[in-house]
2 protein chains.
Amino acid sequence: MKKAPTIRDVAAAAGVSVSVVSRVLNPDSGPVAPAKRQEVVRVIDELGYRPRAAARELSGGHALTIGLVVTDLSNPFFARLADRIVWEARSHGVQVVLMTTQEDPHLEAESLDTLLDRSVSGVIATPTGGNIEKWARLQDLGVNVVFVDRTIEELGNVDVVSIENFDSARRSTEYLIGLGHTRIALVTGPLSTSTGRARISGYRAAHETASLPVDPLLIRDVPFRGDAGGDAVGSLLAMPQPPTALIVANTAQVQSSVRRLVQKGVRIPEDLSVIVFDDNPWTELMTPPLSVIRQPLDMLAVHALELVLGRMQGKLPEGPRLIEVKADFLPRNSCAPLAQTATR
Amino acid sequence: MKKAPTIRDVAAAAGVSVSVVSRVLNPDSGPVAPAKRQEVVRVIDELGYRPRAAARELSGGHALTIGLVVTDLSNPFFARLADRIVWEARSHGVQVVLMTTQEDPHLEAESLDTLLDRSVSGVIATPTGGNIEKWARLQDLGVNVVFVDRTIEELGNVDVVSIENFDSARRSTEYLIGLGHTRIALVTGPLSTSTGRARISGYRAAHETASLPVDPLLIRDVPFRGDAGGDAVGSLLAMPQPPTALIVANTAQVQSSVRRLVQKGVRIPEDLSVIVFDDNPWTELMTPPLSVIRQPLDMLAVHALELVLGRMQGKLPEGPRLIEVKADFLPRNSCAPLAQTATR
DNA sequence: TTGTATGCGTTATCAA
DNA sequence: TTGATAACGCATACAA
């Protein structure tokens, strides 16, 4: 087990001082004679020298690292989002420390502490909704925070990248109303999340526009984790007057919901028209292929990274930035006109 | 933007020296009078002090961090694996720096350099197959390397955690042979990967046992990324004498393969019996539910972490460790006896 | 039991 | 254009 060379080893081998080496390492931090620069470069290469990140951070006071805090990588939405972000970050030379919260504010709090320890210069996160003071403190300490997908309204001065939640929910609801449905169920995230609230609003708005009453029993704002989505679906199906259409408005709930439909032998769309959020590849493989709201993951990732990096370099105007990207509705074959829907 | 307190601030506020604070921070690194300890703890809490990770690493020479190098988080197998590993690591107080290689040895090399810069004390990785010297160098510098899922045989002295690849492939092949199939196609990873080779061997072994000839044209060892799996399936279907059964032996190839089957209107299992590797939740939602080889992700994750952590603490015997976990075969409804298979 | 002093590897400041 | 040298924040050997 060898010891990795340090800047001093390089300096010695190249017959110069550490300052010179440091200067070739960090261009435009000072002048270096061409001849010496070349020699230093040669030695660096020969020794396989690489500057220790810890030392740089200690000296510089901050790390070229960002924290990525998502709830759960087993949710394909976050997995693909993380994939894009890690990828995009790498291409900008910044590393990503990954933490998951499992939707638990307590774990989230721990993660934030850890990121603070690491002196990350930025954080991209899907907040659970809690830890308001902690987030604020993080910002106060100079960490650039960007929320993606969700946000916390109480927190001013934080950048946010999300899809047009209100609009997406409204458009899918309108689509179903256009097919003649009047009893449309909505399974979505808890009211404690910004997405949950926005999507319910969109759903309501569509009803209002169509002068259709909203049956509150058809709106199920349930937790993301566990089988809450499936249970909501089960309970909806058991209603005396069950819905003829269903919108599952959160990726985390789609799988358990669809599973329950399959288990119950519900025929799609003959018995029930279905729209789900997020274009997971498998939604197209089902019979029938599911109509979906496609969330443009790469856009979310790119913008989020653009924001953190921009802030890190101080190249962004002061105020908080809110970026909403459009989510497309992809009609496939899981929705039918009410007239063709079997009533039980 | 405040400045975070340092150990000196704590020491000053508590009226003690930095060494005392350091000692309460690192128990059993030295004695501290109970009264002082309490006071220090109080001040730490009051100031919200947290030791800077960079300083610790610099001083200690190594980080409480491991690198996780997987090919691609948009592959649900790796996503779920990463989820488990991150989770498991957190519970042991170690952070995870995530890097993806996209199956590209060049990117992998970059990742390894980066991890070296960070002085990680361990790496859990799914190697692309290249960079042999680089991996060796990493080990040489004291980084504990654990390969998961795949391995590189040329690299001695590295811990490996994988499923019983040979056996899984053999068992699924035997199952199909048991149903009377004689023309069984195999789509699997490239020969440059250990899993690709092992699974082909298992497939061959099953044939041998049954005294069945192997048609080399039915074995398709193709790249993981892109649509190679789908293309292989397309080409298999177009054969003069197409297979009556298909094993897709790698998660990364399942989606494109199944998509192609759906596109071509192939009826499962009437036209073709199908077994795929890895129990993605959606395989159960398809009609019919797909028979799968279930890879026990949590076992892989737990063992991998156990190994790195064990090595980090020097609590493991010298030699390299090979852990193979059993993968269950879950028959569902995507396979039919040859007798009931339509011939075209 | 406590405090002082030194080192960890870099960057940055300032003289030369 | 270069080279000493002082931070950066923490751990630790050693002296008290």
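First the proteins, then the strands, lettered A, B, ... as listed; each starts at 1. Note that the structure is predicted; figures quoted are calculated from it, not measured.
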Residue list, side-chain hydrogen bond (donor to acceptor under 3.5 Å, both in side chains) with A:Arg90, at least two apart or on another chain: B:Glu110
Sequence-distant partners of A:Thr65, side-chain hydrogen bond (donor to acceptor under 3.5 Å, both in side chains), two or more places apart: B:Arg118
Can you give me every donor-acceptor pair (side chain of residues 39-50 of chain B, partner residue at least two apart or in another chain, under 3.5 Å) with its distance?
| residue | atom | partner | partner atom | Å |
| --- | --- | --- | --- | --- |
| B:Glu39 | OE1 | B:Arg42 | NE | 3.1 |
| B:Glu39 | OE2 | B:Arg42 | NH2 | 3.1 |
| B:Arg42 | NH1 | B:Glu46 | OE1 | 2.7 |
| B:Arg50 | NH1 | A:Asp113 | O | 3.4 |
| B:Arg50 | NH1 | A:Asp117 | OD1 | 2.9 |
| B:Arg50 | NH1 | A:Asp117 | OD2 | 2.6 |

Protein-to-nucleotide contact annotation, 5' to 3' order, nucleotides 8-16 of chain D [B base; S sugar-phosphate only; - none; under 4.0 Å, heavy atom]: BBBBB----
Residue pairs passing the ring pair (Phe, Tyr, Trp, His ring centres under 6.0 Å) test where at least one lies in residues 111-148 of chain A, sequence neighbours excluded: A:Trp135-A:Phe147
Polar side chain donor-acceptor pair, B:Thr151 to B:Glu153, under 3.5 angstrom: no
Proximity to DNA chain C (any heavy atom under 4.0 Å), residues of residues 32-45 of chain B only: B:Val32, B:Ala33, B:Lys36
Residue pairs fulfilling side chain to side chain donor-acceptor pair (under 3.5 Å) with at least one residue in residues 16-25 of chain B, sequence neighbours excluded: B:Ser17-B:Ser19
side-chain hydrogen bond (donor to acceptor under 3.5 Å, both in side chains) partners of A:Arg321, counting only residues at least two apart: none
Residues which pass side chain to side chain contact (heavy atoms under 4.5 Å, CB included) with A:Thr195, listed by chain and number, not counting sequence neighbours: A:Asp149, A:Arg150, A:Asn165, A:Thr193, A:Arg199, A:Asn250
Of all pairs that satisfy ring pair (Phe, Tyr, Trp, His ring centres under 6.0 Å), the ones with a partner from residues 78-121 of chain A, not counting sequence neighbours: none
Show which side-chain atoms of residues 119-127 of chain A pair as donor or acceptor with protein atoms under 3.5 Å away, not counting sequence neighbours.
| residue | atom | partner | partner atom | Å |
| --- | --- | --- | --- | --- |
| A:Ser121 | OG | A:Ala63 | O | 2.4 |
| A:Thr126 | OG1 | A:Val148 | O | 3.4 |

Difference in axis direction between the ends of the helix from C:dT1-D:dA16 to C:dA16-D:dT1, five pairs, 10°: 50°
